[in-house]
**Q** 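Below is a structure I'd like to ask you about.
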Amino acid sequence: MTRDAGTPEAGTPDAGTDRTPAQVDRRGFLKVAGAVAASTAVATGIAARVLTRPEPATHVVARRHEGDIPADHQHRAWARAQAWVVPLLVQNLVAPHAPALVIPELRVRALHNGERIALLVEWADDAEDAVDSMARFRDAVAVQLPVDTATTPGVTMGAVNQPVHIMQWRAAWQRDVDRGRQGVREAFPNSFRDAAPEDLMGEEAAQQFYPALVANNPMARRDRTSPVEDLSAVGFGSLTAQDKQTATGRGVFDRGWHVVLSTPLAAGEHKTSLHPGLTTSIAFAVWDGGAGNRGSRKQWSNWTDLELEA
Amino acid sequence: MAEVFNWQLGREMQYPFQAERPQRQIAWVFDTNKCIACQTCTVACKSTWTSGTGQEYMLWNNVETKPYGFFPQGWDVQLLDRLGVVQWDGQTYEGQTVFESAPTGERVNGWLPMAEDWAHPNVGEDEPAGAVERGTYIDRLPHDTWFSYLARICNHCTYPACVAACPRQAIYKRPEDGIVLVDQARCRGYQECVAACPYKKVMYNNETRVSEKCIACFPKIEQGYQPQCVTTCIGRIRIASFISKPDEVDPKKPIDFLVKVRKVALPLYPQAGTEPNVYYIPPIHAPREYLHQMFGPGVDEAVETYQNIKNDPELLGLMMLFGSTERIMHSFSVEGEIATGFDEQGEELVSVPLREPTFIREFFDDVHQAYLHNIT
């Protein structure tokens, strides 16, 4: 810690440090606070303040926020939400496995405003992997909620009769939104081409040259407006895009990813419906594209509780 | 893992799921001896299916020069390296397949080519296996110095590695004709199939962000026509038709006759274990050791049968029918000097003579006082 532990700000989570509440050694904290109390006249008040510090979080709490929830992860509203550290496991339950645990944990904060809930998910990563091309994979993160909020479905991305609502953010989609649809030209900037089909015959007629686009595969979308996709699943391998897309978000890379994922509390059919005062389950998965992570080659978490402040 | 029977290995083998054989299986025979690597098939395929943005590098059909040609770079060397020294006991494969040798946590023993591996589609073209000495005169088989052409498409395998590898069942094998397709609506671009395919015939589309592969020109096959790469082949080295199940054989069916009766056409790298459905008549001038590694234990018999073709009117007649019709030939017959191909209803599609009329000139041209290279 760089700051004096006895300063009042130290009583609030994470002030002046990258460490999270869960990582703060509470006994050490008190010992330092005690030493300060013994040596200074004003220490009594400070020590009392430290001792009344809120208990460390035991789950994700979505604090109530007035007005629009900021998509900017640096907005001070996020600092008021307590960060919950999600330990991750390497996915080795179903083949193909992720070969190694490259992202050991996520930090998650949550806010809701009675209309929408947003999660700020952050993790350290050396490199920004935002290009989707041959043998190159993108960073991504996903949030999983049970469709029936009273249950905790299998960690296996749900199960038959236990559907889950998944929201996935991908770095490549973020780039699509920020800079316009990314494709061959961006993946291979030095490549040469004489003319793209759409240049010759217009977008409509050129569709036939993009089979996945004609098949309405969301991977091939050329008009992406949200970097987050709403999906549903009833077990491994069953992930399917929702008909109605309502999730939004924004991811920024700065020595790691800072991704805000946002969804309406009443998200609609086949999705999770939330309301203030509810406690349900939430789980996470994260991919490091540079490490070859994609699909089932991922880091994932067990379920944890998500509470929406009343 | 399930136990399935792979007739090309002569044994049961491990496969990730209990795969049913399709009701019918489309299959091909390529005669490598007649291929001149003109790439007409490659261009036909390219201009029919892969001229879109994101498909620039894709060649669902390619023709490479062996031993130093690959697309993508080193694909078969990588496969051989992973499977180790090939071990056959007679007609039974003793080694491990790409499924049986898969490391923990993997469904298939595969590898993912980098972008640069796909960047040189005709590397090694016409490069012989060794140095050609000055004054070399090739007068025996197999040749001391050699190269040969290998035309390749998706093998539409009976036990596809791409199907096995996809974690979300986005690839399927059609029950009606055994064609293997990537569901363009369901694929999420994980490229597990690209890594798994031992023949590297699934390719990632850099624009649509999903994988694509040879579709066996299914709109043509559904109409009773052979695929583009077959019908455009100017060397008439190819035929596409249906093959019977392993325990059935119908000598009137062209593929059955070539693969099961005369056993002149062999699977490519059968040791991979996918039971590929493109069969090759091996190049008779290439060294046997190389061919054994490439086509399995049937090579000696296949080469011998092929070399004896002038005394085998049925085989000769069928070879003459290659490339003689755009329609799928379901059966054939040879009577006298005429070979005939039939459609599914038994209606005649085409008839060809076993021997084209030939005029043979004198070896020495008196007028020009010169020996002639070509006297027929």
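Letters go in sequence order (proteins before strands), and every chain restarts at 1. Since we're looking at a predicted model, the values are computed, not measured.
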**Q** Quick check: are there more than 12 heavy atoms from other residues, nucleotides or ligands sitting under 6.0 Å from CG of A:Asp223?
**A**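 For A:Asp223, atom CG is crowded (more than 12 foreign heavy atoms under 6.0 Å).
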**Q** Other residues, nucleotides and ligands only: do more than 12 of their heavy atoms fall within 6.0 Å of CD on B:Gln18?
**A**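 Result for CD/B:Gln18: enclosed.
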**Q** To the closest 0.5 Å, what do you measure between CE (B:Met58) and CE (A:Met134)?
**A**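 Separation between the atoms: 8.0 Å.
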**Q** Can you check whether A:Pro96 reaches B:Arg107 side chain to side chain, under 4.5 Å on heavy atoms?
**A**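 Result yes, sub-4.5 Å side-chain heavy-atom pair found.
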**Q** Which pairs count as side-chain hydrogen bond (donor to acceptor under 3.5 Å, both in side chains) when at least one residue sits in residues 110-122 of chain B, sequence neighbours excluded?
**A**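 Output for this query lists B:Asn122-B:Glu125.
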**Q** Atom OG of A:Ser191 and atom CD of B:Glu56: how far apart are they, to the nearest 0.5 Å?
**A**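 It comes to 6.5 Å.
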**Q** Over all heavy atoms of both residues, which pair between A:Ala135 and B:Met114 is shortest? Give the atoms and the distance, please.
**A**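 So the minimum-distance heavy-atom pair works out to CB-CE, 3.7 Å.
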**Q** Given that the side chain runs from C-beta out, which part of A:Asn216 has a heavy atom under 4.5 Å from chain B: side chain, backbone, both or neither?
**A**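 The answer is neither part of A:Asn216.
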**Q** Which bit of A:Ala196 is near chain B, if near means a heavy-atom gap under 4.5 Å: side chain, backbone, both or neither?
**A**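 Looking at A:Ala196, backbone and side chain both touch chain B.
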**Q** Residues in side-chain hydrogen bond (donor to acceptor under 3.5 Å, both in side chains) with B:Gln169, at least two apart?
**A**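 Checked B:Gln169 against side-chain hydrogen bond (donor to acceptor under 3.5 Å, both in side chains); zero matches.
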**Q** Using non-hydrogen atoms only, which part of A:Phe137 is less than 4.5 Å away from chain B: side chain, backbone, both, or neither?
**A**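 Just its side chain gets close to chain B.
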**Q** Should we say atom OH of B:Tyr225 is surrounded by more than 12 heavy atoms from elsewhere, each under 6.0 Å from it?
**A**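 Check fails, neighbour count at 12 or below.
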**Q** To the nearest 0.5 Å, how far apart are CZ in A:Phe209 and CD in B:Gln55?
**A**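 Rounded to the nearest 0.5 Å, the CZ-CD separation comes to 9.0 Å.
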**Q** Give a yes or no on whether the backbone of B:Tyr190 and the side-chain of A:Arg294 come within a donor-acceptor separation of less than 3.5 Å.
**A**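 Present.
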**Q** Show your reasoning for whether side-chain contact (heavy atoms from CB on, under 4.5 Å) applies to B:Val210 and A:Tyr210.
**A** CA-CA 10 Å; B:Val210 302; A:Tyr210 305 101; over 6 Å; no
**Q** Check whether more than 12 heavy atoms from other residues, nucleotides or ligands sit under 6.0 Å from atom CD of B:Glu3, and answer yes or no.
**A**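 Enclosed.
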**Q** Under a 4.5 Å heavy-atom cut-off, does chain B meet the side chain of A:Gln207, its backbone, both or neither?
**A**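 Neither part; nothing is under 4.5 Å.
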**Q** Just give me the residue among A:Pro211, A:Ala206, A:Ser296, A:Gly183 that pairs up with chain B most often, heavy atom to heavy atom, under 4.5 Å.
**A**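 Greatest number of close heavy-atom pairs with chain B: A:Pro211.
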**Q** Are any side-chain N or O atoms of B:Glu207 and backbone N or O atoms of A:Val184, one a donor and one an acceptor, separated by less than 3.5 Å?
**A**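 Yes; at least one donor-acceptor contact below 3.5 Å.
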**Q** Measure distances from A:Arg297 to the heavy atoms of chain B and classify the residue's part below 4.5 Å as side chain, backbone, both or neither.
**A**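 For A:Arg297, the contact with chain B is made by the side chain alone.
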**Q** Can you tell which part of A:Gln91 gets under 4.5 Å to a heavy atom of chain B, answering side chain, backbone, both or neither?
**A**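 Neither part.
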**Q** Considering only heavy atoms, which portion of B:Pro113 lies under 4.5 Å from any heavy atom of chain A: side chain, backbone, both, or neither?
**A**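 It is the backbone, since no side chain atom gets that close.
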**Q** Taking side chain as C-beta onward, heavy atoms only, is A:Met219 less than 4.5 Å from B:Gln184?
**A**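 When only atoms from C-beta onward are counted, B:Gln184 and A:Met219 do not touch, as no gap falls below 4.5 Å.
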**Q** Hey, what do you get for OG (A:Ser133) to CD (B:Gln191), rounding to the nearest 0.5 Å?
**A**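 Rounded to the nearest 0.5 Å, the OG-CD separation comes out at 7.5 Å.
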**Q** What part of A:Leu231 lies closer than 4.5 angstrom to a heavy atom of chain B: side chain, backbone, both or neither?
**A**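 Side chain of A:Leu231 only, per the 4.5 Å heavy-atom cut-off to chain B.
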**Q** Mark yes or no for whether B:Arg188, through its side chain, and A:Gly295, through its backbone, hold a donor-acceptor pair below 3.5 Å.
**A**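 It does not hold such a pair.
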**Q** What's the shortest heavy-atom distance between B:Thr208 and A:Ala212, and which atoms?
**A**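 Heavy atoms only, the tightest pair is CB-CB, 3.9 Å.
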**Q** Looking at every heavy atom in both A:Ala215 and B:Ala185, which two are closest together, and how far apart are they?
**A**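 Looks like O-CB, 3.6 Å.
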**Q** Does any backbone or side-chain atom of A:Leu239 lie under 4.5 Å from a heavy atom of chain B? Answer side chain, backbone, both or neither.
**A**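 Both parts, backbone and side chain.
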**Q** Start with the C-alpha distance between A:Arg185 and B:Thr53, add both sets of side-chain angles, then the distance that settles side-chain contact (heavy atoms from CB on, under 4.5 Å), and finish with yes or no.
**A** CA-CA 9 Å; A:Arg185 204 181 292 233; B:Thr53 308; over 6 Å; no
**Q** A side-chain contact here means heavy atoms from C-beta on lying under 4.5 Å apart; do B:Arg209 and A:Asn217 qualify?
**A**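 The answer is no, as the side chains (C-beta and beyond) never meet within the 4.5 Å cut-off.
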**Q** Among residues at least two apart in sequence or on other chains, which ones pass side chain to side chain contact (heavy atoms under 4.5 Å, CB included) with A:Ala130?
**A**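 If we apply the side chain to side chain contact (heavy atoms under 4.5 Å, CB included) test to A:Ala130, skipping adjacent residues, the hits are A:Glu128, A:Ala171, A:Arg175.
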**Q** Applying a heavy-atom distance below 4.5 Å, give me the residues of residues 241-251 of chain A that approach chain B, sorted by number.
**A**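 Answer by number: none.
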**Q** For the OG1 atom of B:Thr104 and the NE2 atom of A:His97, what is their distance to the nearest 0.5 Å?
**A**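 One gets 8.0 Å once the value is rounded to the nearest 0.5 Å.
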**Q** Nearest 0.5 Å, what's the CZ-CG distance between A:Phe188 and B:Asn206?
**A**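 Result: 4.5 Å between the selected atoms.
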**Q** Shorter than 4.5 Å, heavy atoms on both sides: which option in A:Gln208, A:Arg138, A:Arg136 has the most such pairs with chain B?
**A**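 Result: the option with the highest number of such pairs is A:Arg138.
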**Q** Which heavy atom of B:Gly52 sits nearest to which heavy atom of A:Pro197, and what is that distance?
**A**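 Closest approach of B:Gly52 to A:Pro197: CA-CG, 4.2 Å.
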**Q** If I measure from the heavy atoms of chain B, does A:Val94 come under 4.5 Å with its side chain, its backbone, both, or neither?
**A**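 Looking at A:Val94, just its side chain touches chain B.
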